[in-house]
Q: 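The structure's right below; bear with me while I get my questions together.
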Amino acid sequence: MALRWRILAALTLARVTMALAFQSVAALAGPMMAEAGMGWGEVGVLVGAFMAPGVAAALAGGWLGQRFGAGRVAVAGLAAMGAAGLAMAAATGFPALLAARLGVGVGAVALNVMLTKMAADWFPGRDLPTAMGVLSSSWPLGIALALVVLPGLG
C-alpha cells in the first residue's frame with residue numbers, strides 16, 4: 001500500500017476519534033445528568049460547546065499549522081482533545097464540564113483544519129475527491145461508534 005493511502009487511513013482514524021468525542025455527551029447524557037445533577041438544558045449547552053470555539057480555533061489552528069507544521073498541530077489537537085476528555089471524566093459539576101468540553105472543541109477544530117489540509121496536500125489532482133470522501137465519511141462512523149460503545153462504558 002502506498003504511503004499516502006496509509007496516511008489517509010491515519011487521518012480518517014483521527015477524524016473518527018473527533019466525531020466520537022463530539023457525540024460522547026449525547027451518548028452519556030443519562031449518567032452525566034445523574035452524576036453532575038444536570039438537566040437537559042445543561043446537556044444541550046455541553047453538546048453545543050463542542051463547536052463554540054470554531055472560528056477562533058480554526059484561524060489559530062491554520063496559523064499554527066503554517067508556523068509549526070500540519071502534523072504537529074494535528075497531534076496537538078488530538079492531545080488537547082484527550083486531555084480535555086479526561087478532564088470531563090473527572091469533572092463533578094456543570095462549570096467544570098463546560099470548561100473541559102470547550103477544550104475538547106478547541107482541539108477538535110484545530111485537528112479538523114489540519115486533517116483537511118493534510119489530505120489536500122497528499123492527494124492533489126484526481127485522487128483528491130476520493131480522499132476527501134473517505135475523510136468525510138469518517139465523521140458519521142465516529143458518531144455511530146460513540147452511540148454503540150460509550151453507553152455501555154458509562
Side-chain angles (χ1 to χ4, degrees), residues 1-29 32 43-91 94-154:
M1 181 193 292
L3 175 63
R4 65 190 191 135
W5 293 103
R6 282 189 238 145
I7 289 171
L8 180 60
L11 298 178
T12 300
L13 181 61
R15 190 164 157 93
V16 166
T17 63
M18 183 176 62
L20 196 141
F22 169 74
Q23 193 65 22
S24 64
V25 169
L28 296 170
M32 287 177 64
V43 170
V45 169
L46 290 176
V47 169
F50 185 86
M51 291 295 184
V55 173
L59 290 172
W63 178 80
L64 291 170
Q66 285 180 326
R67 180 142 173 93
F68 299 109
R72 287 185 179 131
V73 175
V75 169
L78 275 171
M81 284 175 46
L86 290 173
M88 282 190 76
F94 179 72
L97 284 166
L98 181 59
R101 183 68 170 173
L102 288 169
V104 174
V106 167
V109 171
L111 174 65
N112 200 36
V113 170
M114 292 302 105
L115 293 179
T116 306
K117 182 216 181 296
M118 291 166 74
D121 289 347
W122 279 93
F123 293 89
R126 294 180 57 167
D127 288 333
L128 183 59
T130 301
M132 288 300 186
V134 169
L135 196 60
S136 294
S137 66
S138 61
W139 182 259
L141 176 60
I143 289 173
L145 281 172
L147 291 172
V148 170
V149 172
L150 292 180
L153 295 175

Q: Check the pair Val25, Phe50 against side-chain contact (heavy atoms from CB on, under 4.5 Å), reporting the backbone distance first and the verdict last.
A: CA-CA 10 Å; Val25 169; Phe50 185 86; over 6 Å; no
Q: Please find the pair of heavy atoms, one from Val43 and one from Ala29, that lie closest to each other, and give the distance.
A: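 Minimum heavy-atom separation between Val43 and Ala29: CG1-CB, 4.0 Å.
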Q: Identify the heavy atoms of Arg101 and Ala49 that sit nearest to each other, and give their distance.
A: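 Taking Arg101 first and Ala49 second, the nearest heavy atoms are CG-CB, 3.8 Å.
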Q: So which atom in Ala52 and which in Leu102 form the shortest heavy-atom distance, rounded to 0.1 Å?
A: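 Taking every non-hydrogen atom into account, CB-CD2, 4.1 Å.
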Q: Rounded to the nearest 0.5 Å, what separates atom OG in Ser136 from atom CG in Leu141?
A: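 Reported value, rounded in 0.5 Å steps: 13.0 Å.
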Q: Between atom CG of Leu78 and atom CG of Leu111, what is the distance when rounded to the nearest 0.5 Å?
A: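 So the CG of Leu78 and the CG of Leu111 are separated by 4.5 Å.
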Q: List, one per line, each side-chain donor-acceptor pair under 3.5 Å for residues 12-23, sequence neighbours excluded.
A:
residue	atom	partner	partner atom	Å
Thr12	OG1	Leu8	O	2.8
Arg15	NE	Leu135	O	3.0
Arg15	NH1	Asn112	OD1	2.5
Thr17	OG1	Ala14	O	2.5

Q: Name all pairs fulfilling the salt bridge (charged side-chain N to carboxylate O under 4.0 Å, His left out) condition that reach into residues 102-117, sequence neighbours left out, sorted by first residue then second.
A: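 Qualifying pairs: Lys117-Asp121.
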Q: What are the two closest heavy atoms between Leu28 and Leu150, and how far apart are they?
A: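 Minimum heavy-atom contact is CD2-O, 3.1 Å.
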Q: Taking only residues at least two apart or on different chains, which pairs with a member in residues 54-83 satisfy ring pair (Phe, Tyr, Trp, His ring centres under 6.0 Å)?
A: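 Sorted result for residues 54-83: empty, none.
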Q: Any pair with a residue in residues 50-59 that passes salt bridge (charged side-chain N to carboxylate O under 4.0 Å, His left out), sequence neighbours left out, goes on the list, sorted by first then second residue, please.
A: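 Found none.
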Q: Can you name the closest pair of heavy atoms from Gly107 and Ala80 and give their distance?
A: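 Closest pair (atom of Gly107, atom of Ala80, distance): CA-CB, 3.9 Å.
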Q: Do any side-chain atoms of residues 124-133 form donor-acceptor pairs under 3.5 angstrom with protein atoms, and if so which ones, sequence neighbours left out?
A:
residue	atom	partner	partner atom	Å
Asp127	OD2	Arg4	NH1	3.4
Asp127	OD2	Arg4	NH2	2.3

Q: Please list all pairs meeting ring pair (Phe, Tyr, Trp, His ring centres under 6.0 Å) that have one or both residues in residues 103-130, counting only residues at least two apart or in different chains.
A: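 Checked against ring pair (Phe, Tyr, Trp, His ring centres under 6.0 Å) - neighbours excluded - the pairs reaching residues 103-130 are Trp5-Phe123.
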Q: Nearest 0.5 angstrom please: Leu98 CG to Met88 CE, how far?
A: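 Result: 9.0 Å between the selected atoms.
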Q: Give the minimum heavy-atom separation between Ala27 and Ala146, together with the two atoms involved.
A: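 What the structure gives for the nearest pair is CB-O, 3.5 Å.
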